[in-house]
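By convention here, the first residue in the shown sequence is residue 1. Computed from heavy atoms alone, side chains included, the values below leave out hydrogens, waters and symmetry copies. Because the structure is a prediction, the values reported are computed rather than measured.
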Amino acid sequence: MTRWTPAQVAGLAPDASSLAAARRLARPGPWSDTGSTETLLWGKCQGSGKTPYQVSIDLTGPAFRCTCPSRKFPCKHGLALLMLWVEGSGSVADAAEAAGFAREWAAERSARAEARAAGDAARSTRTPDPAAAARRLEERLALMDGGMDDFARWLTDLVRSGTASARQQSYAWWDGTAARLVDAQLPGLADDVRSVGGSVAGGADWAERLLVALGRWWTATRAWARRDALSQAQVGDLRAYLGWATSSESVRRADAVTDRWLVLGAHRSDDGRLQQQRTWLRGVATGETVQVLDFAAGGQVLPVARAVGSALDATLARYPGAAVRRALFVDEPFVAEDRVRMPSGSTLEDAQSAAAAAWGLNPWARRVPVVLADARAGVDHVVDADGASVRLTDDAAVWPLLALTGGRPARLFGELEESRLRPLSVVVDDEVMAL
């Protein structure tokens, strides 16, 4: 397998402190019994205790296992072992056979994957009770109808009072509306209301964000009222926005495409209740860009992000939708050895025009993927070669972007979120680097 780049390893770190700690461990001294095959990487790292930590990495995932007590994923030991392997100095030698502890872990992973596949096959053969399913659907639709009617009245009252009055409302006012939406089984819409409520209370561009949100919300209430007249793709986009999940089994059976996919970028967010990870992939043959979403609640841990800049040979099943589509992996992807170049990119005007077209098809898409050519980053904005500029989101990784580009024009990938840009990766010396 082609060895990764340092930037790809850095992109897997859960936070900056883990990356810094891994760099301090990425030296031969603490390590013993290291080795690698085409798919596995392993080693033992001496910690503060008497027994060294056993570290195993499945390079096809990637997936990590370490016997240390850290709750971070991957931990500093896994990242450090990857750095040693990437360095290629001989500290991690090629081996014909994996060490026993790594081989056992790989066998356990394979057995769990086979068990999951068998379980999925068994569930797909079960015959559901049509009467019970129809009754549950009728009850849910009644709840959602009532919730959307109540939300439409709330919107009408808000507009009649004037948008300036919303600025004076406490967060509890927004949160109460969101709680009623959750009770009506509209959790996606509830999350949007909470997010906008927070920006109205403290954001400098609150008026613009609220006006855009009002249009998005009213469009959702009108679309829901006439959902029987919508296309399947439009219903899919509306369901996703409202938070009515589509089962992964039905997605796998419907619309799949096999391609080589470039990992363009990834972003993690945490609102205190739910962690989300978005991974953007672009098909080499299809030219289509899709997002793979992962979620974790409570004490759960998000899966390790795919290495930005890597190429995956995989079959993806796409969720119903008209634009900015979500997808899932039908099977575990294989990491391709050949590198794939990021698309050449466009001007900001062309990117915004493409985003407007996507929002015309799916007005509830919160963000649209774009690739900009010759973009020069500033502290709070990006300027293209034509002199057009766009403001960065508040959570944009500004300093890594400036450090990597040195203020020079570069090709970058990011998310257009309403009127702002969130850069996720940048091309430096023909290499895609995560931010």
#### Entry: Any side-chain heavy-atom pair of Val370 and Leu421 under 4.5 Å
yes
#### Entry: Full working for side-chain contact (heavy atoms from CB on, under 4.5 Å) between Arg278 and Leu424
CA-CA 11 Å; Arg278 291 189 301 276; Leu424 299 181; 6.0 Å; no
### Query
Between the side chain of Ser195 and the main-chain N/O of Asp191, is any donor-acceptor distance below 3.5 Å?
no
### Query
If we ignore angles and hydrogens, is there a donor and acceptor under 3.5 Å between the side chains of Ser419 and Glu208?
yes
#### Entry: Pro74 vs Pro14 side-chain heavy atoms within contact, under 4.5 Å
yes
### Query
Could you give all pairs that pass the salt bridge (charged side-chain N to carboxylate O under 4.0 Å, His left out) test and reach residues 284-297, with sequence neighbours left out?
Glu288-Arg318
### Query
Does a donor on one side chain sit under 3.5 Å from an acceptor on the other, for Arg326 and Gln291?
no
### Query
Any side-chain heavy-atom pair from Leu316 and Asp259 closer than 4.5 angstrom?
no
### Query
Considering only heavy atoms from C-beta outward, does the side chain of Leu189 approach that of Met148 to under 4.5 Å?
yes
## Note on the structure
The side chain to side chain contact (heavy atoms under 4.5 Å, CB included) partner of Trp224 among Asp149, Val235, Leu242 is Leu242
### Task
Give the intermediate values and the outcome of side-chain contact (heavy atoms from CB on, under 4.5 Å) for residues Arg167 and Leu210.
CA-CA 10 Å; Arg167 176 81 162 175; Leu210 179 58; over 6 Å; no
#### Entry: Residue pair Leu40 / Ala98: nearest heavy atoms and the distance that separates them
CD1-CB, 3.8 Å
### Query
Between Asn362 and Tyr241, does any side-chain donor sit less than 3.5 Å from a side-chain acceptor?
no
### Task
May I ask you to test the Leu41-Leu81 pair for a side-chain heavy-atom distance under 4.5 Å?
yes
### Task
Test the Arg306-Phe329 pair against the cation-pi criterion, namely NZ or CZ under 6.0 angstrom from the six-membered ring centroid and within 45° of the ring axis.
yes
### Query
What class does the angle between the rings of Trp154 and Trp173 fall in, given that below 30° is parallel, 30 to 60° is tilted and above 60° is perpendicular?
tilted
### Query
Rounded to the nearest 0.5 Å, what separation is found between the CZ atom of Arg422 and the CG atom of Leu392?
10.5 Å
### Message
How close do Ala178 and Ala190 get, counting heavy atoms only, and between which atoms?
### Response
O-CB, 3.3 Å
### Query
Within the side chain of Asp374, is there an N or O that forms a donor-acceptor pair under 3.5 Å with the backbone of Ala385?
no
### Query
Do Arg282 and Trp280 meet the cation-pi criteria used here (NZ or CZ under 6.0 Å from the six-membered ring centre, within 45° of the axis)?
no
#### Entry: Basic-acidic side-chain contact under 4.0 Å: Asp175, Arg194
yes
### Query
Salt bridge or not for Glu418 and Arg216, using N-O below 4.0 Å?
yes
### Cation over ring face, Arg109 and Trp105, 6.0 Å, 45°
yes
## Note on the structure
Minimal heavy-atom distance between Ala307 and Val263, with the atoms involved, is O-CB, 3.5 Å
#### Entry: Point-to-point distance, once rounded to the nearest 0.5 Å, from CD of Glu87 to CG of Leu82
12.5 Å
### Task
Could you check if a side-chain atom of Leu281 sits within less than 4.5 angstrom of a side-chain atom of Val290, using non-hydrogen atoms only?
yes
### Query
How far apart are the closest heavy atoms of Thr347 and Asp386, and which atoms are they?
CG2-OD2, 3.4 Å
### Task
Apply side-chain contact (heavy atoms from CB on, under 4.5 Å) to Leu412 and Leu435, showing your working.
CA-CA 10 Å; Leu412 62 85; Leu435 297 175; 6.0 Å; no
### Side chain to side chain, Asp338 and Val340, heavy atoms closer than 4.5 Å
no
### Salt bridge flag under 4.0 Å for residues Asp15 and Arg268
no
### Task
Kindly check if the number of other-residue, nucleotide or ligand heavy atoms within 6.0 Å of OH (Tyr171) is above 12?
yes
### Task
Could you pull out the closest heavy-atom pair between Lys72 and Ser17, with the gap in Å?
NZ-OG, 3.1 Å
## Note on the structure
So CD of Glu332 and OG1 of Thr60: to nearest 0.5 Å the spacing works out to 5.5 Å
### Task
Look up atom CZ in Arg27 and atom CG in Leu84, then write down how far apart they are to the nearest 0.5 Å.
10.0 Å
#### Entry: Test item: Trp174 side-chain N/O and Val196 main-chain N/O as donor-acceptor pair under 3.5 Å
no
### Message
Are the side chains of Arg420 and Asp394 in contact, using a 4.5 Å heavy-atom criterion?
### Response
yes
### Short side-chain to backbone donor-acceptor contact, Ser425 and Leu264, under 3.5 Å
yes
### Arg112, CZ: over 12 other non-hydrogen atoms inside 6.0 angstrom
yes
#### Entry: Euclidean distance, Ile57 CD1 relative to Ser36 OG, rounded to 0.5 Å
10.5 Å
### Task
Ignoring hydrogens and angles, tell me if any N or O in the side chain of Arg339 forms a donor-acceptor pair with the backbone of Ser310 under 3.5 Å.
no
### Task
Check for a donor-acceptor pair, side chain of Ser353 on one end and backbone N or O of Glu349 on the other, with a separation under 3.5 Å.
yes
### Task
Mark yes or no: Arg209 above the aromatic ring of Trp206, with NZ or CZ under 6.0 Å from the six-membered ring centre and no more than 45 degrees from the axis.
no
### Message
Between the side chains of Asp255 and Arg325, is the shortest nitrogen-to-carboxylate-oxygen separation below 4.0 Å, so that they form an ion pair?
### Response
yes
#### Entry: Nearest heavy-atom neighbours spanning Leu59 and Val335
O-CG2, 3.9 Å
### Task
Before giving the answer on side-chain contact (heavy atoms from CB on, under 4.5 Å), spell out for Val432 and Phe413 the whole-Å C-alpha distance, their side-chain angles and the decisive distance to 0.1 Å.
CA-CA 9 Å; Val432 183; Phe413 168 79; over 6 Å; no
### Task
Mind checking the OG1-CH2 spacing from Thr177 to Trp217? Nearest 0.5 Å is all I need.
8.5 Å
